[in-house]
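To keep things clear, I will list the structure first and then write my remarks on it.
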Number of protein chains: 2
Amino acid sequence: MSEQNVELRKAGLKVTLPRVKILSILETDETLHLSAEDVYRALIEAGEDVGLATVYRVLTQFETAGLVTRHNFDGGHSVFELDRGDHHDHMVDMETGSVIEFTNDQIERLQHEIAEQHGFDLIDHNLVLYVRKKKM
Amino acid sequence: MSEQNVELRKAGLKVTLPRVKILSILETDETLHLSAEDVYRALIEAGEDVGLATVYRVLTQFETAGLVTRHNFDGGHSVFELDRGDHHDHMVDMETGSVIEFTNDQIERLQHEIAEQHGFDLIDHNLVLYVRKKKM
DNA sequence: ATGAATGCAAAAACTTTGCATGACG
DNA sequence: CGTCATGCAAAGTTTTTGCATTCAT
């Protein structure tokens with residue numbers, strides 16, 4: 001029994017071909033950040049006959065199940081990222097659109113401090129840096 | 001000559017009724033964060049006959065001119081905020097939905113450092129803390 | 001006068017939904 | 001087998017665009 005099957009069952013999801021394939025694509029992809037359209041195209045290229053609507057439905061289910069995180073970067077569409085348990089923030093290259101992940105403990109700590117100072121507990125946060133390659 | 005006219009001229013924008021009205025709505029609003037739809041409704045309520053397409057066009061122009069900042073908070077629609085010259089980040093109270101603004105120089109500085117370390121210039125950034133009132 | 005801005009409707013882009021068919025457990 | 005998932009197409013949302021008309025300078 002493949003890895004995906006276990007993950008799906010653990011998430012309480014019936015093991016179906018679209019779900020296994022989509023999970024597999026998310027695990028294999030190197031960019032780590034795929035739009036629904038990206039996943040759909042990957043399926044078509046792999047010769048799988050899966051509808052775009054199913055891709056959206058499955059990704060949303062994965063999000064609910066905590067397998068995947070949905071990001072709303074700039075421009076219209078959402079991108080999905082497999083949740084590997086490690087927290088990180090994102091840097092988006094405005095020229096290429098590519099996404100770089102990073103972590104910074106100091107920033108994490110400061111965020112907690114700021115929430116505290118206002119009498120709140122920090123539940124979640126979202127930090128995206130929009131950057132451009134340095135001109136020299 | 002009203003305040004709005006000056007701001008529009010300074011931004012290099014022709015002074016038209018829709019632009020003046022929209023700017024005025026953004027200046028008057030207390031929530032500080034309006035969607036295009038919100039602005040459109042406010043115009044209709046004020047008896048102004050302005051099309052939704054124009055609202056989008058004007059808000060986009062305002063953004064380009066630096067009068068307004070566009071935020072892509074959660075999913076779906078964008079919200080626009082009048083740029084009052086002060087940079088700040090946002091804290092969203094998850095229970096009430098209210099938005100608190102804050103600034104932190106250390107975080108600002110760290111963001112620049114992180115971009116630098118990756119060979120980038122920091123163009124813009126987006127930081128939202130999702131918080132909940134402390135239980136005591 | 002002349003070029004830009006507007007309103008309307010139509011189109012685009014992204015995402016969700018209804019329904020009949022097919023697959024999982 | 002009963003139920004849930006799927007595919008397709010149709011509808012929903014949010015935002016953009018084409019074009020004739022109106023408006024600002």
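Chain identifiers are assigned alphabetically (A, B, ...) following the order of the sequence lines, protein sequences preceding nucleic acid strands; residue numbering begins at 1 within each chain.
One finds a side-chain N or O of S78(B) lying less than 4.0 angstrom from the OP1 or OP2 phosphate oxygen of dT15(D). Applying the 4.0 Å criterion to OP1 and OP2 of dT17(D), one finds that R57(B) has every side-chain N and O outside that range. Of the side-chain N and O atoms in Y56(A), one or more sit less than 4.0 angstrom from OP1 or OP2 of dT15(C). Proximity of R19(A) to the phosphate of dA5(D): a side-chain N or O atom is located under 4.0 Å from OP1 or OP2. T16(B) has a side-chain polar atom (N or O) that falls below the 4.0 Å cut-off from OP1 or OP2 of dT6(C).
Counting to the nearest Å, the P atom of dA24(D) and the CZ atom of R9(B) are 11 Å from each other. With rounding to whole Å, L52(B) atom CG is found 15 Å from dA10(C) atom P. With rounding to whole Å, I22(A) atom CD1 is found 8 Å from dT6(D) atom P. In this structure, K21(A) atom NZ and dC24(C) atom C1' are separated by 18 Å, rounded to whole Å. Taking atom CD of E48(B) as the reference point, atom C1' of dT6(C) lies 14 Å away to the nearest angstrom. In this entry the distance linking CD of Q61(A) with P of dT6(D) reads 6 Å, nearest Å. If you take CG of D49(A) and P of dA23(C), they are 12 Å apart, rounded to a whole angstrom. Across the protein-nucleic acid pair, Y40(B) atom OH and dT6(C) atom P stand 15 Å apart, rounded to whole Å.
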> Should H125(B) and H112(B) be marked as a side-chain hydrogen bond (donor to acceptor under 3.5 Å, both in side chains) after you check the CA-CA gap, both sets of side-chain angles, and the distance that decides it?
Replying inline: CA-CA 10 Å; H125(B) 70 122; H112(B) 275 96; over 6 Å; no

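Nearer the 5' end of DNA chain D, as judged by each residue's closest nucleotide, is the contact made by G51(A), out of G51(A) and L17(B).
Minimum interatomic distance between V68(A) and L59(A) (heavy atoms only, all atoms of both residues): CG1-O, 4.4 Å.
Taking the side chain of H77(B) as heavy atoms from C-beta on, and the options dA5(D), dT14(D), dG7(D), the nearest nucleotide is dT14(D). Among the nucleotides dA4(C), dC8(C), dA5(D), the one closest to the side chain of K14(A) is dA5(D). Counting only heavy atoms from C-beta on, P18(B) has its side chain closest to dT6(C) among dT6(C), dG25(C), dT25(D).
Between H90(B) and H71(B), the two ring planes are perpendicular [angle over 60°; tilted spans 30° to 60°].
At a threshold of 4.5 Å between non-hydrogen side-chain atoms, the residues D93(A) and Y130(A) do not count as touching.
Of the possible polar contacts, one joining the R19(A) side chain to the K14(A) backbone as a donor-acceptor pair under 3.5 Å is found.
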